[in-house]
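What follows is a short report on a single structure.
Computed from heavy atoms alone, side chains included, the values below leave out hydrogens, waters and symmetry copies. All values reported here derive from a predicted model rather than from experimental measurement.
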Amino acid sequence: MNKLLLFTLIFAVSYNAAWAQSTTTALEIREHTGALVQCADALLSSITTNPTDATNNAGLASLATTSSGSGSGAVLTVVISGGAVTGVTVTTAGKGYEAGDTLTVANAGIAGTSTDLVITLLEDDISNGGLKCGDISGLIASGPSDAKAQTITVSLTTQSGTGSGAKIKVVIGSDDDAFGAWTSVTVVEPGTGYSIGDVLKVLATADELDDSGSNGLVDAITLFNALTGANLDADGAVRIHPDGTTVTSNGATKAFTTSTFSGYFLPLQKSTNSISVRATFTGPVTPSIGSVSDTTLVTLKVSKLLPLTDGANTLKIASTEGTYEILLVKPDDNIKAVQVSKRSIGIAYNPAAVGEFTCAAFVNGVTGGDIPETRAEVTASSTDSNIIAKSVRTHNIVPEDIFKTVQMTLNGLTPFTAYDLYCYHSSHGIISNTDDAYTTTDKASLTSVGVIASDTNLAWTDGGTIKLTFTHEGPLVGGSTIELSLYTNFNSKQAFADGDTTVGDCSAQVAIKSNTANIDLTGLACVDGNTDDLLITLGGVASTIHSAAGSVLEVTLTHDADGTLRFANNAAAGAKVTFNLDVAGHGILQQQPGWDTN
């Protein structure tokens with residue numbers, strides 16, 4: 001990705017693009033967090049699995065949901081009638097949802113049924129800058145006072161701004177008045193593409209208003225005050241580019257031309273999971289990201305949601321002049337572990353924002369209040385025993401580097417140990433990686449390894465020994481294994497015991513010393529698992545250290561023709577015996593030199 005980003009960086013983009021048709025095309029990009037629409041029954045038609053035997057309930061509230069995708073946090077209230085869900089309202093919008101995701105309410109939260117409620121999300125279920133459903137009567141700036149009393153649903157239009165599709169339910173006057181003012185206005189369908197500052201209006205015809213009064217009113221225009229963030233749904237008050245200011249590069253407005261089809265960069269918010277596009281143009285314009293494309297846009301019509309991935313996303317704007325590209329850079333949701341060694345983990349992050357970036361490795365499995373939430377808690381290595389003190393690193397991201405991957409190495413770690421990684425960015429807050437598969441250091445090393453046989457003649461006699469010695473970098477604890485395999489001339493495996501007979505309790509024929517001190521062999525098991533290998537499993541629990549890191553281990557194996565540990569006869573004189581050694585927590589050694597037979 002770094003090679004891709006070695007262009008002149010433009011930290012915000014003026015999308016007044018000079019298309020070859022010599023007219024100005026204004027391009028607006030809107031960021032969205034993937035929140036759900038919160039209008040009553042907005043998701044009702046998206047139910048794909050509905051119980052038939054649930055207990056009726058006029059308002060079953062606080063229903064948690066799970067998602068097949070990356071979305072989370074949505075909470076529902078449902079109405080159950082006749083055993084089935086007949087109404088559903090999103091009370092907490094959540095974030096991160098995409099069309100095609102399934103939203104599931106477990107049957108445990110719905111009395112009387114064993115069937116989960118499953119909703120397969122459609123694009124209209126995901127907020128795209130719609131109005132917040134509910135009462136907006138307080139926004140009314142002016143309107144008729146003598147329209148016929150009635151309750152109707154009408155469409156909103158805009159005096160300024162380009163949002164569309166919203167509908168409102170209007171209550172005019174009262175049952176006691178033949179005519180009156182608009183006393184209640186409620187948004188019932190959110191629409192798309194609204195912005196803070198838009199001014200809404202309703203131009204309702206006499207037919208729509210059933211205006212048969214003597215006042216002779218033909219059209220009733222109701223004008224609303226400008227929208228605020230409180231009037232937009234949970235995903236409505238998102239960042240929009242450009243933000244109303246004139247953005248220049250080297251003193252001049254940056255423009256698309258027929259000779260410059262790419263090279264524009266736009267940083268996005270970490271919480272953004274999709275964008276929409278709005279454009280003013282004279283020719284056809286079609287936006288796409290990856291395989292997701294909208295139909296040709298109508299002027300000032302907001303596009304469908306185009307999903308994003310972490311890192312670079314190429315927004316293509318197809319026109320009659322060619323396909324123009326803007327690189328949208330989304331901060332990673334997680335820290336990436338890109339390289340591990342025995343005592344360190346190399347990490348990478350795409351920030352797309354300036355600010356201090358501080359990271360540390362934590363003891364694996366921190367929970368509750370031990371999970372850091374601030375920069376101070378990421379760096380408090382002197383007071384928090386969960387932090388690996390030597391691992392704390394800080395990098396200051398300057399404007400010139402926001403589109404480059406930040407890489408750093410967390411040191412001071414223990415070999416073959418899993419860690420939780422936490423970082424703090426001043427713009428994004430806490431970012432983590434707690435996946436053991438990517439945060440486990442490499443295995444420790446075995447050094448000074450050797451095997452000595454007391455008898456290198458053709459046949460073994462009782463009392464003959466094979467002595468294995470090695471220095472182990474990591475500790476050996478209860479449950480640790482030592483697996484030894486012998487080979488003749490590199491490829492013919494020798495058998496411990498007779499053929500594939502399982503080796504039994506061999507503690508009487510095995511002696512193990514750690515730095516010359518005998519290891520307690522209580523519970524020692526020697527089992528080859530029918531593979532002709534000798535597998536020694538140390539007894540005790542994992543918290544019991546039998547041999548500390550850095551110790552020299554000496555394993556003496558004794559041949560007993562009538563016992564449970566027997567060695568295969570040596571081959572003819574001149575054969576080479578080699579061995580593989582696999583010790584728990586350490587890298588395996590293969591085809592190490594043993595001895596030559598006599």
Side-chain angles (χ1 to χ4, degrees), residues 30-50 59-80 85 87-110 116-134 165-166 187-194 229-240 268-276 292 302 304-310 330-334 371 373 428-432 434:
R30 294 168 165 249
E31 298 183 47
H32 303 277
T33 64
L36 297 181
V37 171
Q38 293 185 263
C39 291
D41 294 338
L43 305 187
L44 187 60
S45 62
S46 299
I47 294 176
T48 49
T49 302
N50 199 338
L60 182 56
S62 302
L63 293 176
T65 62
T66 56
S67 171
S68 62
S70 58
S72 63
V75 179
L76 310 180
T77 292
V78 302
V79 176
I80 301 174
V85 173
V88 56
T89 300
V90 176
T91 55
T92 301
K95 63 181 181 179
Y97 296 100
E98 297 181 12
D101 291 350
T102 57
L103 198 67
T104 300
V105 176
N107 62 74
I110 306 174
D116 294 342
L117 171 65
V118 180
I119 299 170
T120 302
L121 297 175
L122 302 175
E123 184 166 338
D124 289 344
D125 299 329
I126 315 296
S127 176
N128 187 356
L131 298 181
K132 181 179 291 184
C133 287
V187 176
V188 292
E189 292 188 21
T192 61
Y194 294 95
N231 303 127
L232 302 176
D233 66 18
D235 198 34
V238 293
R239 191 164 60 172
I240 299 174
L268 304 178
Q269 298 177 112
K270 183 173 179 289
S271 59
T272 300
N273 81 327
S274 60
I275 59 104
S276 59
V292 180
V302 175
K304 66 187 293 183
L305 296 175
L306 304 174
L308 302 169
T309 59
D310 288 357
K330 180 183 181 306
D332 291 332
D333 287 332
N334 299 296
I371 297 175
E373 297 178 349
H428 307 319
I430 292 291
I431 312 105
S432 65
T434 58

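To the nearest 0.5 angstrom, Leu308 atom CG is 7.0 Å from Asn273 atom CG. Rounded to the nearest 0.5 angstrom, Asp125 CG and Gln38 CD are separated by 12.5 Å. Distance check: Leu122 CG to Asp101 CG gives 11.5 Å after rounding to the nearest 0.5 Å. Atom CG of Leu103 is separated from atom OG1 of Thr65 by 4.0 Å, given to the nearest 0.5 angstrom. Note that OG1 of Thr192 is 10.5 Å distant from CG of Asp233, once rounded to the nearest 0.5 Å.
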CA sep, side-chain torsions, deciding dist, call: Val105, Ile110, side-chain contact (heavy atoms from CB on, under 4.5 Å): CA-CA 8 Å; Val105 176; Ile110 306 174; 4.0 Å; yes

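Gly96 and Ser70 make their closest contact through O-OG, 3.4 Å (heavy atoms, listed as atom of the first residue, atom of the second, distance). Nearest heavy-atom pair, Ala93 versus Ala74, reported as atom, atom and distance to 0.1 Å: O-CB, 4.2 Å. Contact between Ala99 and Glu123 at its shortest, heavy atoms only, is CB-N, 3.7 Å.
Residues Cys133 and Pro190 form a side-chain contact, since some pair of their non-hydrogen atoms from C-beta on lies under 4.5 Å apart. Side-chain atoms of Thr102 and Thr48, non-hydrogen and from C-beta on, never get closer than 4.5 Å to each other. Side-chain contact between Val90 and Val37 is absent, with no heavy-atom pair separated by less than 4.5 Å. Residues Leu306 and Ile275 form a side-chain contact, since some pair of their non-hydrogen atoms from C-beta on lies under 4.5 Å apart. Residues Leu121 and Leu36 have side chains in contact (heavy-atom distance under 4.5 Å, counting atoms from C-beta outward).
Proximity of a side-chain donor or acceptor of Asn128 to a complementary backbone N or O of Lys304 within less than 3.5 Å is not detected. The backbone N or O of Leu268 lies less than 3.5 Å from no partner atom in the side chain of Glu31, so there is not a single donor-acceptor pair. Side-chain atoms of Asp116 come within 3.5 Å of backbone N or O of Asn107 as a donor-acceptor pair. Under the 3.5 Å distance criterion, the side-chain polar atoms of Tyr194 are matched with a main-chain donor or acceptor of Ala166.
Legend: residues meeting side chain to side chain donor-acceptor pair (under 3.5 Å) with Asn50, ordered by chain and number and at least two apart, are absent. Partners of Lys330 by side chain to side chain donor-acceptor pair (under 3.5 Å), not counting sequence neighbours, listed by chain and number: Asp310, Asp333.
Counting non-hydrogen atoms of neighbouring residues, nucleotides and ligands closer than 6.0 angstrom, the NZ atom of Lys270 exceeds 12 such neighbours.
Each of Thr91, Ile119, Leu60 was compared with Leu76 under the side chain to side chain contact (heavy atoms under 4.5 Å, CB included) criterion, and only Ile119 meets it. Among the candidates Ser127, Ser276, Ser274, the single residue satisfying the side chain to side chain donor-acceptor pair (under 3.5 Å) test with His32 is Ser276.
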